[in-house]
A.B. asks: 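Below: one structure in structure tokens.
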Number of protein chains: 2
Amino acid sequence: MDDFIEHLNRAIKRGETIVFSSNCEIDYKGRAESHLPDGDRIILIKPDKTLLIHQPFGSAPVNYMKAESEHSFVRDGETLYMKSENPALKEYLSLKINKLHFYNTARLEDGKRIELSGTEREMSDYLYDNPSVVEEGFKPLSREEHTRYGFIDVFGHDKTGTLVVVECKRYRADLSAVTQLRRYVEKIKEAKGITACRGIIAAPEISANALSMLNDWGFSFRHVHPPNRLKRAQGQKKIGEY
Amino acid sequence: MDDFIEHLNRAIKRGETIVFSSNCEIDYKGRAESHLPDGDRIILIKPDKTLLIHQPFGSAPVNYMKAESEHSFVRDGETLYMKSENPALKEYLSLKINKLHFYNTARLEDGKRIELSGTEREMSDYLYDNPSVVEEGFKPLSREEHTRYGFIDVFGHDKTGTLVVVECKRYRADLSAVTQLRRYVEKIKEAKGITACRGIIAAPEISANALSMLNDWGFSFRHVHPPNRLKRAQGQKKIGEY
DNA sequence: GGGGAGAGATGCCGC
DNA sequence: GCGGCATTTCTCCCC
């Protein structure tokens, strides 16, 4: 066991990535507090000292520690533990390893960042560049306009000169999207000292309750889909072509 | 390579958990669209057919597929791919494996669920059971009261009989917490046909802008910490005791 | 580092 | 399934 401990602690120090699977129990204390009784899990320690613990189901880690934490394998009698702490964040985690199923360490290198398309940001760019999609005669003035009470996706005026706030959602707009829009419209009215300012939600869908709230407050809904405009290298295979 | 493909495809079918590391390129198309150039990553396939792909930094997976997806290893000439699809969600992912660093498969069993303490729910329970923490003379009427415009954490009346809506936040309350509170207060006034209803944010902290907005609307802030009341088995070691 | 908001958010609970 | 919302949210961007 001591050789194993020594090997893994050295791998951590070297900045290697460590994956192992074990039957374990987990205690965590920090922003919240948790206990997880024994079961089989996958544990991942990254070079940036992020720790992730996954159960064999679900997308989200059941426990984790943020980057810049400190991890070490220690023994207490015949029992093996992995202890993690992040003193700066006052977060602590203890993993009691009942049985080790497998482990691997490797020096991994990855300097690339994901290119993502179909975001809300692209949607507001699209509306800024194609204002008639919002409505005939719409003239955009700014994107991502920052106010002290939040920032506005697209801001402009309609064909009559009335100011318009557009809030984009890439999926279904909900109640909070409507209250968010309302907050911006009120703030614009206050800041400009005017009483007329329209509000528009631009999204592919809106929930029934959100639509009803939207109508109550005199705002309107515009059916818009987020664009997909990911540029791929010439000749590269597209998904589904295999 | 064919033996490897056969081995992993069988492991998937058997409901084993698969972890491997490789230099790879990733394309995804579904709710959004993404491309990630070559780099070293960790890939995890769970028995519930969740797929997670991690770069050697950060907490969140760079790409993933939800549970109930279909995964298979295939070769195209001398190149190895892992393809995933979720027809129901119209999501597709392709992983081109340039070099395999290591892999493991194992049958993992875990029926336990995490016990978590320090949540907002516990905080509203605490205020419901200890109303004087909200303010002297506060009488709670309900918790998690569901309205068509959202549900209210704690609802009651003060010592003068005026209705009170309490919105809890386990960490720092922000602008959206205040607009959320406002939505409830307005809805209560409308539903009950009254003009007097107070609003209180109960949280350990509140941002300066949120506090200013809170004051603008005549609401108030109550400094409250979320309780930590995780019950541990008698005699079990607490964290930090090692 | 705080503030504000999006996310391919995920997960939970209620209807 | 949708709806509404918390999350040890995480991540990004801007001040």
A.B. asks: For dG4(C) and S207(B) - does any side-chain N or O of the residue sit under 4.0 Å from the phosphate oxygens OP1/OP2?
C.D. replies: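 Affirmative; the distance criterion is met.
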A.B. asks: When the nearest nucleotide of DNA chain C is assigned to L175(B) and to G118(A) on a heavy-atom basis, which residue is associated with the more 5' position?
C.D. replies: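 Looking at the nearest nucleotide for each, L175(B) comes out on the 5' side.
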A.B. asks: Considering all heavy atoms of both residues, which atom of E91(A) and which atom of M65(A) are nearest to each other, and what is their separation?
C.D. replies: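 Minimum heavy-atom contact is O-CE, 3.3 Å.
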A.B. asks: Just call it for S176(A): base, sugar-phosphate, or nothing, with non-hydrogen atoms closer than 4.0 Å on any strand.
C.D. replies: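 Nothing, no heavy atom under 4.0 Å.
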A.B. asks: Output the rounded distance in Å from NZ (K46(B)) to C1' (dT10(C)).
C.D. replies: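 These atoms are roughly 11 Å apart.
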A.B. asks: In Å and rounded to the nearest 0.5 Å, what is the CG to CG distance from N209(B) to L175(B)?
C.D. replies: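 Going from the CG atom of N209(B) to the CG atom of L175(B) covers 5.5 Å.
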A.B. asks: Would you mind reading off the distance between H35(A) atom NE2 and dT8(D) atom C1', rounded to a whole angstrom?
C.D. replies: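 Whole-Å distance recorded here is 17 Å.
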A.B. asks: Side chain of R170(A) only, please: which of dG8(C), dG4(C), dC10(D) is the nearest?
C.D. replies: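 That would be dG8(C).
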A.B. asks: Taking only heavy atoms on the protein side, list every residue of residues 49-67 of chain B lying under 4.0 Å from any atom of DNA chain D, sorted numerically.
C.D. replies: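 When residues 49-67 of chain B is checked for heavy atoms under 4.0 Å from DNA chain D, the hits, listed by number, are G58(B), S59(B), A60(B).
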A.B. asks: Start with the C-alpha distance between R143(B) and E145(B), add both sets of side-chain angles, then the distance that settles salt bridge (Lys or Arg N to Asp or Glu O under 4.0 Å), and finish with yes or no.
C.D. replies: CA-CA 5 Å; R143(B) 272 179 322 187; E145(B) 167 123 335; over 6 Å; no
A.B. asks: Can you identify which nucleotide, out of dA9(C), dG4(D), dT7(D), has its nearest atom closest to the R31(B) side chain?
C.D. replies: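 Of the candidates, dA9(C) comes closest.
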A.B. asks: Where the side chain of S34(A) is defined as all heavy atoms beyond and including C-beta, which of dG6(C), dC2(D), dT8(D) is the nearest nucleotide?
C.D. replies: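 Nearest to the side-chain atoms of S34(A), counting from C-beta on, is dT8(D).
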A.B. asks: Could you give the CG-to-C1' distance, from L36(A) to dT8(D), as a whole number of Å?
C.D. replies: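 Roughly 14 Å, once rounded to whole Å.
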A.B. asks: OP1 or OP2 of dG6(C) versus the side-chain N and O atoms of Q180(A): is any pair under 4.0 Å?
C.D. replies: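 True: Q180(A) side-chain N/O within range (under 4.0 Å) of dG6(C) OP1/OP2.
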A.B. asks: Quick check for you: to the nearest 0.5 Å, what is the distance between S212(B) atom OG and W217(B) atom CH2?
C.D. replies: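 One finds 9.5 Å between OG of S212(B) and CH2 of W217(B).
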A.B. asks: What is the distance from CG of D48(B) to P of dG11(C), rounded to the nearest Å?
C.D. replies: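 After rounding, the gap between these two atoms is 9 Å.
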A.B. asks: Please name the pair of heavy atoms, one in R113(A) and one in L36(B), separated by the smallest distance, quoted to 0.1 Å.
C.D. replies: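 Minimum heavy-atom separation between R113(A) and L36(B): C-CD1, 3.5 Å.
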A.B. asks: Expressed as a whole number of Å, how far does the C1' atom of dT8(D) sit from that of dG14(C)?
C.D. replies: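 Looking at atom C1' only, dT8(D) and dG14(C) are 25 Å apart.
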A.B. asks: Say you draw a straight line from CZ of R31(B) to OG1 of T119(A); how long is it, rounded to the nearest 0.5 Å?
C.D. replies: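 So the gap between those two atoms works out to 14.0 Å.
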A.B. asks: Is the shortest distance from a Lys or Arg side-chain nitrogen in K189(B) or E186(B) to a carboxylate oxygen in the other one below 4.0 Å?
C.D. replies: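 Looking at E186(B) together with K189(B), the answer is no, because their closest N to O distance does not fall below 4.0 Å.
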A.B. asks: So G150(B), base contact, sugar-phosphate only, or nothing? Heavy-atom distance under 4.0 Å.
C.D. replies: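 Sugar-phosphate only.
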A.B. asks: Rounded to whole angstrom units, what separation is found between the NZ atom of K29(B) and the C1' atom of dG8(C)?
C.D. replies: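 It is 12 Å, rounded to the nearest whole Å.
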A.B. asks: Tell me which nucleotide, if any, is Watson-Crick or G-U wobble paired with dG8(C) when both distances must be under 3.5 Å.
C.D. replies: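 With both distances under 3.5 Å required, dG8(C) matches none.
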A.B. asks: Less than 4.5 Å apart, any side-chain heavy atom of E85(A) and any of S69(A)?
C.D. replies: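 No, every pair of side-chain atoms sits at 4.5 Å or beyond.
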A.B. asks: Using the P atom as the point on both nucleotides, what is the distance between dC5(D) and dG8(C), in whole Å?
C.D. replies: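 Comparing P positions in dG8(C) and dC5(D) gives a spacing of 22 Å.
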A.B. asks: Within a strict 4.5 Å, meaning less than it, do heavy atoms of the K49(A) and E70(A) side chains meet?
C.D. replies: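 No, side chains not in contact.
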A.B. asks: Name the pairs: protein N/O against N/O of nucleotides 12-15 of chain C, kept only if under 3.5 Å.
C.D. replies:
none

A.B. asks: Does F151(A) lie flat on the base of dA5(C), that is, centres under 5.5 Å apart and planes under 30° off?
C.D. replies: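 No, aromatic ring not over the base.
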A.B. asks: Whole angstroms only, please: what is the CD-P distance between E120(A) and dC12(D)?
C.D. replies: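 After rounding, the reported distance stands at 16 Å.
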A.B. asks: Measure from CG on D174(A) to C1' on dT10(C) and round the result to the nearest Å.
C.D. replies: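 One finds 15 Å between C1' of dT10(C) and CG of D174(A), rounded.
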A.B. asks: In terms of side-chain heavy atoms, does D153(B) have a donor or acceptor partner in S124(B) at a distance below 3.5 Å?
C.D. replies: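 No, S124(B) and D153(B) have no side-chain donor paired with an acceptor closer than 3.5 Å.
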A.B. asks: Quick one: I152(B) CD1 to dA6(D) P, roughly how many Å, whole number?
C.D. replies: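 The distance from CD1 of I152(B) to P of dA6(D) comes to 13 Å, rounded to the nearest Å.
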A.B. asks: Which residues within residues 183-192 of chain A lie with some heavy atom under 4.0 Å of an atom in DNA chain D?
C.D. replies: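 Heavy-atom cutoff 4.0 Å gives no residues at all.
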A.B. asks: For the OH atom of Y171(A) and the NE2 atom of H225(A), what is their distance to the nearest 0.5 Å?
C.D. replies: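 Here the rounded value is 10.5 Å.
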A.B. asks: Name the residue closer to the 5' end of DNA chain D, choosing between Y171(B) and A208(A) according to the nucleotide with the nearest heavy atom.
C.D. replies: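 Between the two, 5'-proximity favours A208(A).
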A.B. asks: For the residue pair I200(B) and L181(B), what are the closest heavy atoms and their distance?
C.D. replies: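 The pair with the smallest heavy-atom distance is N-CD2, 3.8 Å.
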A.B. asks: Counting the atoms with a prime plus P, OP1 and OP2 as sugar-phosphate, which does E167(B) contact under 4.0 Å by heavy atoms, base, sugar-phosphate, or nothing?
C.D. replies: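 Contact class for E167(B): sugar-phosphate only.
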A.B. asks: Are any non-hydrogen side-chain atoms of R198(A) and S220(A) less than 4.5 angstrom apart?
C.D. replies: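 In contact.
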A.B. asks: Of the nucleotides dG4(D), dG3(D), dT7(D), which has the atom closest to the N209(A) side chain?
C.D. replies: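 The answer is dG4(D), which lies nearest to the side chain.
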